Every structure is written in C-alpha cells, then in structure tokens.
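Everything numeric in this text was worked out from a predicted model, so none of it was measured.
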Amino acid sequence: MSASSWWQPHRHADRRPLLLARNRIQSAIRDWLGAEGFTEVDPAALQVSPGNEAHLHGFETSAIGNDGQGRRMYLHTSPEFAMKKLLAAGETRIAAFAHVWRNRERGVLHSPEFTMLEWYRVGEDYEVLMEDCAAFLRLAAEAAGGRELRFRDRSCDPFAEPERLSVAEAFLRHAGIDLLATVDGQGVPDAAALRSAMAAAGLSAGEDDGWSDLLSRVLVEKVEPHLGHGRPTILDRYPAAEAALARRAPDDPRVAERFELYACGVELANGFGELTDPAEQRRRFEAEMAEKERVYGETYPLDEEFLAALALMPPASGIALGFDRLVMLATGAPRIDEVIWAPVAASARP
C-alpha cells in the first residue's frame with residue numbers, strides 16, 4: 001500500500017477494520033495495565049539526546065528560545081530516559097504508549113514514526129516481563145477476534161507457552177557457532193574469533209566489520225527466521241556487549257539480563273533487568289558513541305540529567321514493545337503502514 005493514498009475512501013474502507021482492531025487491542029492492554037496497578041504516563045518526545053545506541057538514528061531539530069537562540073534537540077527513539085527519571089522520582093509501575101521516531105528505517109516492518117508500548121516494574125525481576133508479554137499476545141489475539149498471530153505465511157499460537165532459549169543456544173542451534181567462545185571471561189568481544197567461527201560455518205564476514213556487526217548479521221540471517229514459529233520465542237541472556245542498558249547476569253558476567261520476544265519470525269519486544277550504575281552506564285554510552293563515530297561519522301550528546309537520575313533509580317525491570325507490529329500480527333496485516341491511522345508520507349521513503 002502506498003502511504004500517500006491511505007486517505008482515499010476505498011483504501012480507508014479496506015484499512016478501517018484493522019484500525020478498529022488496533023483500538024480494541026490498545027484498550028484491552030490499557031485495561032490490563034490498570035488492573036495491574038500501572039500508572040500511564042506521557043513523556044515528552046523532544047529530548048536533549050535521542051538515545052545512545054550506536055545503530056539507532058534520531059531526528060534532529062532546533063528549539064528556538066525566547067532569546068532567539070537555537071538549541072539542538074532530538075525526537076526520542078524511545079521514552080526510556082524520561083521514564084527512568086520518573087522511576088528516580090518515585091514512581092514504581094509506569095507504562096506509556098509513546099510515539100517514537102527512528103531515522104533510516106522504512107519498510108514492511110518499519111515506520112520512521114511508530115508507537116512503542118514501554119513499561120517498568122520497580123523491585124521486580126525481568127522474568128516477570130516475559131509473563132507480561134505472554135499476556136499481551138493473548139489479549140491482542142482476543143481483541144482482534146482471532147486465535148493466532150500471522151505474518152505472511154508464518155503463524156504463531158499466542159496462547160501457547162513461549163519457548164525460551166539463550167542467544168548462545170540459538171547461535172549454536174541455528175548457525176553452528178559457539179558465540180560465548182568469541183568473548184572473554186568478562187564478556188569483552190573478539191571480532192577475529194567471531195569472524196573465524198562464521199567462516200567455519202560457511203558464512204561470509206567483512207574484514208572491517210566489528211564484533212557487533214558480525215553478531216547482527218548472523219542473528220538476522222540465520223537465527224531470527226527460525227524464532228516464534230508455532231509458539232512465541234523468548235531469546236534471552238544477550239551477550240553483555242549487546243546490552244548497553246541492562247545489568248549483567250549474576251551467574252555469568254559474559255551475558256546480561258536482556259531478552260527479546262519473537263512471533264512469526266518478527267521481533268516484538270526488548271526487555272531488561274535495568275542497569276542503575278551511572279558510572280558504568282556512562283562508560284557504555286561512551287563506547288556506543290565511539291562505535292557510532294567509527295561507523296557513521298556522527299555522535300549524539302549524553303543526557304547528563306538521565307545519568308544523574310540513575311543514582312536515585314531503584315532496581316527495576318523495563319521493556320519496550322512495538323505496538324504497531326503486535327497489531328500487524330494480530331490482524332494479519334501485510335505491512336506496518338496498514339495498521340497506523342495516518343501513515344508517514346510516502347516522500348519519506350528512501
């Protein structure tokens with residue numbers, strides 16, 4: 001569907017059932033969150049930093065003050081920094097349906113502007129978030145009037161107990177690679193070791209690619225296509241080097257308390273046991289921005305207030321879910337634009 005013609009009456013008539021299902025799904029999740037004691041919050045989208053992950057790209061603008069002077073600002077790629085400040089302020093269970101913006105992203109599963117459902121639980125283990133995700137899959141299917149999630153020719157039973165496996169297990173199973181053999185005892189990655197393991201498994205790898213780039217290639221090409229078929233998959237215990245905002249697992253410093261939720265081969269959510277050490281968080285952000293400078297020739301500023309707030313933030317778990325993607329799978333829509341009420345103009349396509 002061309003996003004530029006969504007407003008044609010015949011196009012809207014085709015899309016309207018999907019959009020009404022979207023509203024029902026959102027209402028069902030809001031009711032569930034309310035019953036669980038969550039407070040819905042509405043973070044501002046305009047921030048001093050869009051986020052500090054190397055491969056996330058923000059939209060930049062300028063805020064003109066009363067003195068006529070401009071200040072560089074960004075549309076957030078996630079409400080995470082603002083919501084964690086609220087946890088530092090004393091909130092304990094919060095959730096937001098937030099519009100977020102990510103540049104360089106447009107396609108069947110990507111929109112430059114989309115809706116993210118993000119929620120946090122203070123004092124609770126990140127495994128509780130896995131239970132939340134399972135509940136939302138069921139709610140979405142029920143609200144859409146179906147019994148399965150679908151994307152193209154793939155299906156997933158949202159009422160089935162999710163499969164749970166670690167990233168290391170998934171790499172060994174689907175790519176024949178011992179991923180943890182490519183990091184040292186503290187999780188420091190070795191790109192040459194991963195490149196060698198990929199070559200032994202018959203996978204090509206660029207000589208200039210870093211360890212993170214190589215991991216992403218294996219994940220996208222060999223692992224993700226196998227996840228979430230028949231039942232949801234929870235891909236758990238990411239390497240610490242791939243979890244800039246998560247705390248390390250207490251039993252193995254090479255991995256972190258991070259998981260992603262998959263259904264029909266589609267990534268839906270990304271959850272963490274949250275890192276609350278501001279010094280460690282600063283080191284990780286600086287490393288991420290150094291990588292961004294190396295790959296893209298640009299960096300984003302650090303949100304110093306966010307780093308200061310981490311010193312007050314209690315132990316918590318948090319997660320972000322792509323709400324539009326969830327609606328896609330629950331309704332069987334072929335692309336993300338069809339479940340967004342007014343899609344971003346087609347001129348934004350590359």
Side-chain angles (χ1 to χ4, degrees), residues 41-63 71-88 94-106 109-120 210 212-213 216 238 240-247 256-260 267-310 313 316-325 344:
V41 299
D42 187 14
L46 200 60
Q47 299 287 334
V48 299
S49 174
N52 295 110
E53 296 181 53
H55 302 294
L56 285 185
H57 305 280
F59 282 83
E60 181 181 329
T61 187
S62 181
R71 180 188 182 195
R72 183 179 299 170
M73 301 285 283
Y74 300 86
L75 295 175
H76 63 188
T77 57
S78 161
E80 180 169 7
F81 291 0
M83 293 182 77
K84 287 182 176 178
K85 291 173 185 175
L86 287 170
L87 298 184
I94 54 175
F97 282 94
H99 278 238
V100 299
W101 290 261
R102 296 188 177 183
N103 225 336
R104 303 195 188 200
E105 295 190 13
R106 188 89 201 225
L109 292 168
H110 295 87
S111 173
E113 180 181 355
F114 62 98
T115 299
M116 180 178 286
L117 169 60
E118 191 153 325
W119 69 101
Y120 291 85
S212 181
D213 302 313
S216 180
Y238 268 71
E242 288 295 298
L245 291 142
R247 56 181 175 245
E257 292 185 347
R258 176 190 173 191
F259 76 90
E260 291 191 335
E267 178 208 338
L268 289 176
N270 188 12
F272 306 102
E274 300 293 351
L275 178 66
T276 56
D277 180 340
E280 175 64 18
Q281 187 65 84
R282 181 183 296 276
R283 284 192 292 270
R284 294 189 191 183
F285 279 166
E286 289 173 347
E288 287 285 319
M289 290 301 92
E291 178 68 1
K292 190 173 189 69
E293 175 68 30
R294 182 187 74 82
V295 178
Y296 303 107
E298 62 177 351
T299 64
Y300 296 137
L302 304 188
D303 184 339
E304 294 294 343
E305 288 196 349
F306 167 68
L307 291 170
L310 279 186
M313 181 178 151
S317 58
I319 185 168
L321 182 147
F323 179 68
D324 311 281
R325 287 187 180 184
V344 175

How far apart are the closest heavy atoms of [X] and [Y], and which atoms are they?
| X | Y | value |
| --- | --- | --- |
| S212 | E242 | OG-OE2, 2.8 Å |
| R106 | P112 | CD-CD, 3.3 Å |
| E291 | R294 | OE2-NH2, 2.8 Å |
| A54 | Y296 | O-CE1, 3.4 Å |
| S49 | Y74 | CA-CD1, 4.1 Å |
| P43 | P79 | CG-CB, 3.9 Å |

For [Y], is there any backbone N or O sitting under 3.5 Å from a side-chain donor or acceptor partner on [X]?
| X | Y | result |
| --- | --- | --- |
| K292 | L56 | yes |
| R102 | T77 | yes |
| S317 | F272 | no |
| Y300 | G58 | yes |
| R325 | L109 | yes |
| H76 | F81 | no |
| R71 | A63 | no |
| N52 | P301 | yes |

**L87 vs I94, side-chain contact (heavy atoms from CB on, under 4.5 Å): CA-CA, chis, key distance, verdict** = CA-CA 8 Å; L87 298 184; I94 54 175; 3.8 Å; yes
So [Y] and [X], do their side chains get closer than 4.5 Å, heavy atoms only?
| X | Y | result |
| --- | --- | --- |
| L86 | Y120 | no |
| L75 | L46 | yes |
| N270 | I319 | no |
| H55 | D213 | yes |
| E53 | L245 | yes |

**Message:** D324 vs T115, test: side-chain contact (heavy atoms from CB on, under 4.5 Å). Steps then yes/no.
**Reply:** CA-CA 6 Å; D324 311 281; T115 299; 3.8 Å; yes
**Request:** With R284 as reference, evaluate E280, E288, Q281 under the side-chain hydrogen bond (donor to acceptor under 3.5 Å, both in side chains) test and give the passing residue.
**Result:**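 Per the side-chain hydrogen bond (donor to acceptor under 3.5 Å, both in side chains) rule, the option paired with R284 is E280, out of E280, E288, Q281.
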**Request:** Nearest 0.5 Å please: distance from the NE2 atom of H57 over to the CG atom of N103.
**Result:**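 One finds 8.0 Å between NE2 of H57 and CG of N103.
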Less than 4.0 Å between a side-chain N and a carboxylate O, is that true for [Y] and [X]?
| X | Y | value |
| --- | --- | --- |
| K84 | E274 | yes |
| E286 | R283 | no |
| D303 | R282 | no |

**Message:** Let's go through L307 and L302 carefully: what are the C-alpha distance in whole Å and the side-chain angles of both, what is the deciding distance for side-chain contact (heavy atoms from CB on, under 4.5 Å) to 0.1 Å, and is it a yes or a no?
**Reply:** CA-CA 8 Å; L307 291 170; L302 304 188; 4.2 Å; yes
**Asked** CD of E113: more than 12 outside heavy atoms within 6.0 angstrom?
**Response**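 Correct, the count exceeds 12.
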**Greater than 12 external heavy atoms within 6.0 Å of R72's CZ** =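 Count not over threshold, so no.
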**Request:** Establish, for the pair R258 and Y238, whether the NZ or CZ atom is under 6.0 angstrom from the six-membered ring centre and no further than 45 degrees off its axis.
**Result:**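 Yes, a cation-pi geometry holds between R258 and Y238.
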**Prompt:** With a 3.5 Å cut-off and no angle check, do the side chains of E118 and S78 form a donor-acceptor pair?
**Reply:**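 Yes, because at least one side-chain N or O of E118 sits under 3.5 Å from a partner of the opposite role on S78.
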**Prompt:** Could you go step by step and tell me if F306 and F285 meet the side-chain contact (heavy atoms from CB on, under 4.5 Å) rule?
**Reply:** CA-CA 12 Å; F306 167 68; F285 279 166; 3.7 Å; yes
